[in-house]
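Numbering of residues begins at 1 and proceeds along the displayed sequence. What's counted below: heavy atoms across the whole structure, side chains too, no hydrogens, waters or symmetry copies.
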Amino acid sequence: MSSSSSSPTPILCASFNQDNSCFAIGTKDGFRIFDTNTGKLCYERAVGAFSIVEMLFTSSLLAIVGAGDQPSLSPRRLCLFNTTTGAPLRELNFLTSILAIRMNRKRLIIILQDKAYVYDINSLLILDTFGTVPNSKGLCAFSPCLDACYMALPASTTKGSALLYNAMDCNLHCEIDAHRSPLAAMVFSSNGMYIATASEQGTLVRVHLVSDATKSFSFRRGSYSSTIFSLSFGPSKLLPDILAATSSSGSIHLFTLGFVSYPRSKRSSGFLGSIIPDAVNDVLDPACHHVLHNAVPAGVKSSAVICKVENVTDTSSSELLACRASMCVISYNGHFQEYNLSIDAQKMSWSLERETNLLTVTMDKVL
């Protein structure tokens, strides 16, 4: 997730690494890396403004792009940077501004206004180039999982469809028609099995099974339009239990996929519940949608991830009874929050565990 250097907020970009164990922020002064679990400031470098700072898990490799405030930090130049040596490893230059970077242990994805480049991350050989529809937001979802290494790009500027590619062989996997309005956000689950999308209207969040491009879940965020800033699945080997969304309203929305997956008779009753098909009923079922109101200031860009999930199941039936989760939130006004969540089939309770200003914390201070 990135932002231009003209942003009124002190943070220009913020991103969690592939397993959410660390996160990086870029400011007008440089970039900083934090340990999500301990809150420790692990690395900082003050050399100018950065619009993109992406980590490769917890390795020493960073992909950084300047915000253009000085010639050495061109938005058209990608620098692969080694935090151990404090020196650039390689630079790649492009004709137009770099809008997004995605990485896993095998692939490096570079998103421009109308192109997507796929590189072998070890040799830096370019494997393929994909022409895209105008993509000024730099929208791209990329799976960190090598067994399901998918890349998703917007397929239209008039409707919410996405093209899904296998980034290992660079072949088109499928096209998903998810929304009537153009896409605003999308993300893969950590195992690459599911993709969540939201449109510019921001009222519905949809989840598709990647293998056969079928719609698995639809959730209503609200009845009024709102900009979706981020989507994030909870970690899981199969179906993720929680999907988090941040929006311009300042609220954080949590959708519990784990409870939706149980038979409809356990979720709804009465005449309406008996006649509405599952896919539609999931949109209308409020028990699967929980909201943290006013978690961040309205209108301020934010990013939330589900870091840990612990399920409580019935020992006899294996039915999911509740889940406990840890959620971390970065708002572009410079604040970091960690919440503990407890969710069952009917309600959610939460507590704010940590809150700090990311711009003032020092190397020897824990959040």
May I have the step-by-step check of side-chain contact (heavy atoms from CB on, under 4.5 Å) for I306 and L254, ending in yes or no?
CA-CA 10 Å; I306 304 297; L254 295 142; 3.8 Å; yes
Taking it one step at a time, do I111 and R102 satisfy side-chain contact (heavy atoms from CB on, under 4.5 Å)?
CA-CA 8 Å; I111 305 298; R102 299 289 184 267; 5.6 Å; no
side-chain contact (heavy atoms from CB on, under 4.5 Å) for M348 and L292? Distances and angles first, verdict last.
CA-CA 9 Å; M348 177 184 74; L292 269 69; 2.9 Å; yes
Walk me through whether S226 and S248 qualify under side-chain hydrogen bond (donor to acceptor under 3.5 Å, both in side chains).
CA-CA 6 Å; S226 184; S248 57; 3.1 Å; yes
Can T313 and N311 be said to form a side-chain hydrogen bond (donor to acceptor under 3.5 Å, both in side chains), step by step?
CA-CA 6 Å; T313 58; N311 289 332; over 6 Å; no
Verdict with supporting geometry, S21 and D19, side-chain hydrogen bond (donor to acceptor under 3.5 Å, both in side chains)
CA-CA 5 Å; S21 60; D19 59 9; 2.7 Å; yes
Start with the C-alpha distance between N20 and C328, add both sets of side-chain angles, then the distance that settles side-chain contact (heavy atoms from CB on, under 4.5 Å), and finish with yes or no.
CA-CA 9 Å; N20 299 329; C328 294; over 6 Å; no
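Within the 3.5 Å criterion, the main-chain N or O of V210 finds a donor-acceptor partner in the side chain of H173. Without hydrogens or angle criteria, Y332 side chain to A14 main chain gives a donor-acceptor distance under 3.5 Å. Distance alone, capped at 3.5 Å, is enough to place a donor-acceptor pair between the H289 side chain and the R220 backbone. Looking only at distances, no side-chain donor or acceptor of Q337 sits under 3.5 Å from a matching main-chain atom of M327. Formation of a donor-acceptor pair under 3.5 Å by the S225 side chain with backbone atoms of Q201 is found in this model. Between the side chain of R107 and the backbone N or O of C149, no donor-acceptor pair lies under 3.5 Å. A donor-acceptor pair is defined here as one N or O able to donate and one able to accept, closer than 3.5 Å; no such pair exists between the side chain of S199 and the backbone of L204. Checked by atom type and distance alone, the side chain of S143 pairs as donor or acceptor with a backbone atom of A148 at under 3.5 Å. Without hydrogens or angle criteria, N171 side chain to N166 main chain gives no donor-acceptor distance under 3.5 Å. The closest donor-acceptor contact from the side chain of T129 to the backbone of Y117 lies at 3.5 Å or more, if one exists at all.
Taking the six-membered ring where tryptophan is involved, the planes of F130 and Y165 are tilted, since the angle between them lies from 30° to 60°. Under the 30°/60° scheme for interplanar angles, the aromatic rings of F23 and F336 are found to lie parallel. Ring orientation note: the planes of F217 and Y194 are tilted relative to one another, at an angle of 30° to 60°. Between F255 and H253, the angle of the ring planes stays under 30°, which puts this pair in the parallel group of the 30/60° scheme.
Shown here for G192 and Y150, the closest heavy-atom pair between the two residues is O-CD1, 3.7 Å. Contact detail for A167 and V118: the closest heavy-atom pair is O-CG1, 4.1 Å. Among all heavy-atom pairs drawn from P88 and F81, the shortest one is N-CD1, 4.0 Å. When every heavy atom of Y119 is checked against every heavy atom of L124, the shortest pair comes out as CD2-O, 3.4 Å. Contact detail for V296 and S331: the closest heavy-atom pair is CG1-CB, 3.9 Å. Shown here for P134 and T157, the closest heavy-atom pair between the two residues is O-CG2, 3.8 Å.
The shortest side-chain heavy-atom distance between R221 and I228 falls under the 4.5 Å cut-off. Annotation: side chain of M151 is in contact with side chain of C140 (closest heavy-atom distance under 4.5 Å). Between L95 and L112 the shortest side-chain heavy-atom distance does not fall below 4.5 Å. Looking only at side-chain heavy atoms (C-beta outward), V65 and S51 come within less than 4.5 Å of each other. Taking 4.5 Å as the limit, every side-chain heavy atom of L41 sits out of range of all side-chain heavy atoms of T362. The shortest side-chain heavy-atom distance between I343 and D241 does not fall under the 4.5 Å cut-off. Between R324 and V312, some side-chain heavy-atom pair lies under the 4.5 Å cut-off. You'll find the side chain of R32 stays beyond 4.5 Å of the side chain of L358, heavy atoms only.
Atom OG of S251 and atom NE2 of H290 lie 14.5 Å apart (nearest 0.5 Å). Distance check, rounded to the nearest 0.5 Å: NE2 of H208 to CE of M186 gives 13.0 Å. Interatomic distance, L56 CG to I101 CD1, rounded to the nearest 0.5 Å: 12.5 Å. Interatomic distance, S326 OG to N340 CG, rounded to the nearest 0.5 Å: 5.5 Å. Here the CE atom belonging to M193 is positioned 6.5 Å from the CG atom belonging to L209, to the nearest 0.5 angstrom. Note that the CD1 atom of I109 and the CE atom of M103 stand 11.0 Å from one another [nearest 0.5 Å].
Annotation: R77, atom CZ; neighbour count of heavy atoms from other residues, nucleotides and ligands within 6.0 Å is above 12. Heavy-atom neighbours of D169 CG from other residues, nucleotides or ligands within 6.0 Å: above the threshold of 12.
Residues L78 and L125 do not share a hydrophobic cluster, defined by chaining ILVMFWY side chains whose heavy atoms lie under 4.5 Å apart. The hydrophobic cluster containing V187 does not contain F142, counting ILVMFWY residues as joined when their side-chain heavy atoms lie under 4.5 angstrom apart, directly or transitively. Under the 4.5 Å side-chain heavy-atom criterion for Ile, Leu, Val, Met, Phe, Trp and Tyr, L61 and I98 are members of the same hydrophobic cluster. The hydrophobic clustering, which links ILVMFWY residues whose side-chain heavy atoms are closer than 4.5 Å, places L257 and F188 apart. Connection of I121 to L80 is established within a shared hydrophobic cluster, with ILVMFWY side chains joined at heavy-atom distances below 4.5 Å, either directly or through further cluster members.
For the residue pair T27 / D29, no side-chain donor-acceptor distance below 3.5 Å is found, with atom types taken as modelled.
A salt bridge links K159 to D177: at least one charged side-chain nitrogen sits closer than 4.0 Å to a carboxylate oxygen.
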